[in-house]
Amino acid sequence: MTPAELAQSLHAVLTGLVAHGAVALSAEDLPQEIVVERPRQREHGDWATNVALQLGKKAGMTPRDLAALVAARLAAEPGIAKVDVAGPGFLNITLEAAAAGRLAQAIVEAGPAYGTNDALAGERINLEFVSANPTGPIHIGGARWAAVGDSLARLMQACGAEVTREYYFNDHGAQIDRFARSLLARARGQEAPEDGYGGAYIEEIASRVVADAVAAGEPDPTHLADDAAQEIFRARGVALMFDEIKATLHTFGVDFDVYYHEASLHESGAVEHAIARLRELGHVYESEGATWLRTTEFGDDKDRVIVKSDGDAAYIAGDLAYYLDKRERGFDRAIIMLGADHHGYIGRMMAMCAAFGDTPWVNLEILIGQMVNLVKGGEPVRMSKRAGTVVTIDDLIEAVGVDAGRYGLARSSADSAIDLDLDLLASRSNDNPVYYVQYAHARTANIARNAADLGVRREDGFDPSLLDHPSESALLGKLAEFPRVVAQGAELREPHRVARYLEELAGVYHKWYDQQRRVVPFGEEEVSDGHRTRLWLNDATRTVLANGLGLLGVSAPERM
RNA sequence: GCCCCCGUAGCUCAGUGGAUAGAGCGUCGGACUUCUAAUCCGUUGGUCGCAGGUUCGAAUCCUGCCGGGGGCGCCA
């Protein structure tokens, strides 16, 4: 019996009480979703609900009296051992071992589907993340969005959404020009320009641009006039840099469905189209030689220039066009993940969304994630793109591997700035919780192998009433929480909840392993239903660990 | 000045109104002749930044302060 099933039973009981006039409430007063949770104290039972506390006042009775009414009826339901009223009016529910234990079989049979739901079924979501400019390798901050964004996409897919992962590829504008000038200068053996980029990768890309051009039978671009040379370095350099970024992300387990070129918005007329649309809607005006969007009408602090007085589109014009394009491509919801340094854009972006007639925070959602600070030897690491002292995803992968890197970045709330201790991560010690979780999975796999060798087969028997040890009850309860974690993680856009849950699950599993060790028969012992049933439980745990790690894009090793 | 995020154990961090606030690491001490000790058990550890408010109940919601981080361009 799962918490969701209990919630249904509770709802049925309450509906019955209302129908019989035992409680002065109408059916609409009942909460849509009755919260059934694990009580903190295990001795309080398997599950608890505060529903009587919530409804007591509305029903004109004390929460305890209401709880007592519910308890009497709920206790009569099959599979429920007892229902207690505690404290101010909590209902503490204890299940019969068999009712709790059947979950093990249900999980194994559901396999990869266990934990999924259809809360977002039919919803088309465009999730834009990373979107780092191709002027250098992706640094540690971008790595955080790669890990968190990809996991969020997986979570929303687990809830039935159709998710498109999108990377907005800025190949247009002043930063790209600086990048091209930096490449050219380096190729000519000159100092990087004042506002340019430094670092070894500039040298590498610059020499590859020259080599590629020569190999293609073109003249050495270093010898061309500045403008022509710079254009070659821009086009080829951006392409090379972007290929590297894609390859790195792929190694990191993150692949995008769409790489959207900013330049294409300007070339295709999408920008003019968006501006024309806004003009039609009456939100555009001309002033001081520039074209403005009246964002203040929709809550922004000031109006925004969309076409500068020199006739060039302002950066936000690209955002306007891009958002409209996403909507016209059929997405119900555009979600954009940005770093904390971009939070100031939220106001204008939401105003822009409203100006198009859409609903802010429904059709457009902006997630802000805080910074990643690096610590090495107890000292903060200063990063500088110009000096080339940037810690990149590649550095991270090299130091700790993909699994530890992704897990380390995804296990903290994006609302918190995190300190990544490079020494700790690089030490490859078991301080890293990813090993704790992965080891639990490897252990389940190992037990399954041993069981198979000794003739313990799931299909030969399953008796859930045998799962009556406290550590088994704890493990079953934790397994039952998984679907709720998935649903909440997706709804709140907080993949870190999955990681935290897995750490808890691994903990109760390791404890069970330590206290039971009875999946495989010892010595002359005959294989019994006890062994088989515990194998079901072992394999159910394995299923959930694998499903959870899958949501984080972290591997679930069979052996460690 | 205005806006956003954070402030919870020595450290890194969980905890979207519920019961005695948790985990890992760290300290100290235990457990491998049987399925992986990358594990487990015990021990140590807290004015949840401060002050008010909301209510049956606040780490959680509201207001004000304090401290840390980030941001407030006809840059991209």
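This structure is a prediction, so every number in the text was calculated from the model and none was measured. Quick note on labels: first sequence line is chain A, next is B, and so on, each numbered from 1.
Spacing of P atoms, B:rA37 relative to B:rC32, comes out at 12 Å, to the nearest Å. B:rC4 and B:rU12 have their P atoms separated by 26 Å, with the value rounded to a whole Å. Separation of the P atoms belonging to B:rC6 and B:rG49 is 12 Å when rounded to the nearest angstrom. The gap from the P atom of B:rG1 to that of B:rA21 amounts to 38 Å, rounded to the nearest Å. Comparing B:rA23 with B:rC65, their P atoms sit 36 Å apart, to the nearest whole Å. B:rA19 and B:rA58 have their C1' atoms separated by 14 Å, given to the nearest Å. Between the P atoms of B:rU27 and B:rG10, the separation comes to 15 Å (whole Å). When the P atom is used for both B:rG22 and B:rC48, the distance is 14 Å, rounded to whole Å.
Using modelled atom types, one finds no donor on one side chain facing an acceptor on the other under 3.5 Å when comparing A:D403 with A:Y435. Between the side chains of A:N538 and A:Y509, at least one donor N or O lies within less than 3.5 Å of an accepting N or O. With no hydrogens or angles considered, no side-chain donor-acceptor pair links A:E267 and A:H261 at under 3.5 Å. In the model, A:Q370 has no side-chain atom that pairs as donor or acceptor with a side-chain atom of A:D415 under 3.5 Å.
At the heavy-atom level, A:R518 lies under 4.0 Å from base atoms of the strands shown. The residue A:A86 sits close to a base: some heavy atom pair falls under 4.0 Å. At a threshold of 4.0 angstrom between heavy atoms, the contacts of A:D419 are confined to the sugar-phosphate backbone, with no base atom among them. Within 4.0 Å of A:N92, counting heavy atoms only, lies at least one base atom of the nucleic acid.
In textbook terms, a nucleotide whose glycosidic angle is within 90° of 0 is syn, while B:rC65, being further out, is anti.
Rounded to an integer number of Å, the gap from NZ of A:K478 to C1' of B:rA23 is 11 Å. A straight line from CG of A:D514 to C1' of B:rU34 spans 14 Å, rounded to a whole angstrom. Across the protein-nucleic acid pair, A:R500 atom CZ and B:rU8 atom C1' stand 13 Å apart, rounded to whole Å.
OP1 or OP2 of B:rA38 lies within a sub-4.0 Å distance of a side-chain N or O belonging to A:Y439. Between A:R411 and B:rA23 there is no side-chain polar atom (N or O) within less than 4.0 angstrom of OP1 or OP2.
A:D453 and A:R449 are not joined by a salt bridge, as no carboxylate oxygen comes within less than 4.0 angstrom of a charged side-chain nitrogen.
The closest side-chain heavy-atom distance from A:P88 to A:R64 is not below 4.5 Å. In this structure, the side chains of A:I366 and A:I335 stay at 4.5 Å or more apart for every pair of heavy atoms. Residues A:E558 and A:R542 have side chains in contact (heavy-atom distance under 4.5 Å, counting atoms from C-beta outward).
In this structure, of B:rA19, B:rC5, B:rC41, it is B:rC41 that holds the atom nearest to the side chain of A:K511. Picking from B:rA38, B:rA37, B:rG18 the nucleotide with the shortest atom distance to the side chain of A:M560 gives B:rA38. When each of B:rG15, B:rC13, B:rC5 is scored by its nearest atom to the side-chain atoms of A:D415, the top-ranked nucleotide is B:rC5.
In this view, A:N50 and A:L53, A:Q54, A:F90 satisfy the side-chain contact (heavy atoms from CB on, under 4.5 Å) rule, not counting sequence neighbours. A:Y260 pairs by the ring-ring contact (aromatic ring centres under 6.0 Å, His included) definition with A:Y322, not counting sequence neighbours. The ring-ring contact (aromatic ring centres under 6.0 Å, His included) check on A:H342 picks up A:Y345, with sequence neighbours excluded.
Within the 3.5 Å criterion, the main-chain N or O of A:D46 finds a donor-acceptor partner in the side chain of A:R38.
Annotation: proximity of residues 48-64 of chain A to RNA chain B (heavy atom, distance under 4.0 Å) is found for A:A48, A:N50, A:L53, A:K57, numbered in ascending order.
Under the stacking criterion of a centre-to-centre distance below 5.5 angstrom and an interplanar angle below 30°, A:Y436 is not stacked against the six-membered ring of B:rG24.
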Close N or O pairs between protein and nucleotides 71-76 of chain B (under 3.5 Å):
residue, atom, partner, partner atom, Å
B:rC74, O2, A:S309, N, 2.9
B:rC74, O2, A:S309, OG, 3.0
B:rC74, N3, A:S309, OG, 3.4
B:rC74, N4, A:E288, O, 3.3
B:rC74, N4, A:E288, OE1, 3.4
B:rC75, N4, A:Y345, OH, 2.9
B:rA76, OP1, A:K308, NZ, 2.7
B:rA76, O3', A:H172, O, 3.2
B:rA76, O2', A:N170, ND2, 3.3
B:rA76, N6, A:Y345, OH, 3.1
B:rA76, N1, A:Y345, OH, 2.4

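Judged by a 6.0 Å distance limit and a 45° cone about the ring axis, A:R443 is positioned over the six-membered ring of A:Y513.
A stem is defined here as three or more consecutive Watson-Crick or G-U pairs, each with both distances under 3.5 Å; for RNA chain B these stems are B:1-7 with B:66-72, B:10-13 with B:22-25, B:28-31 with B:39-42, B:49-53 with B:61-65.
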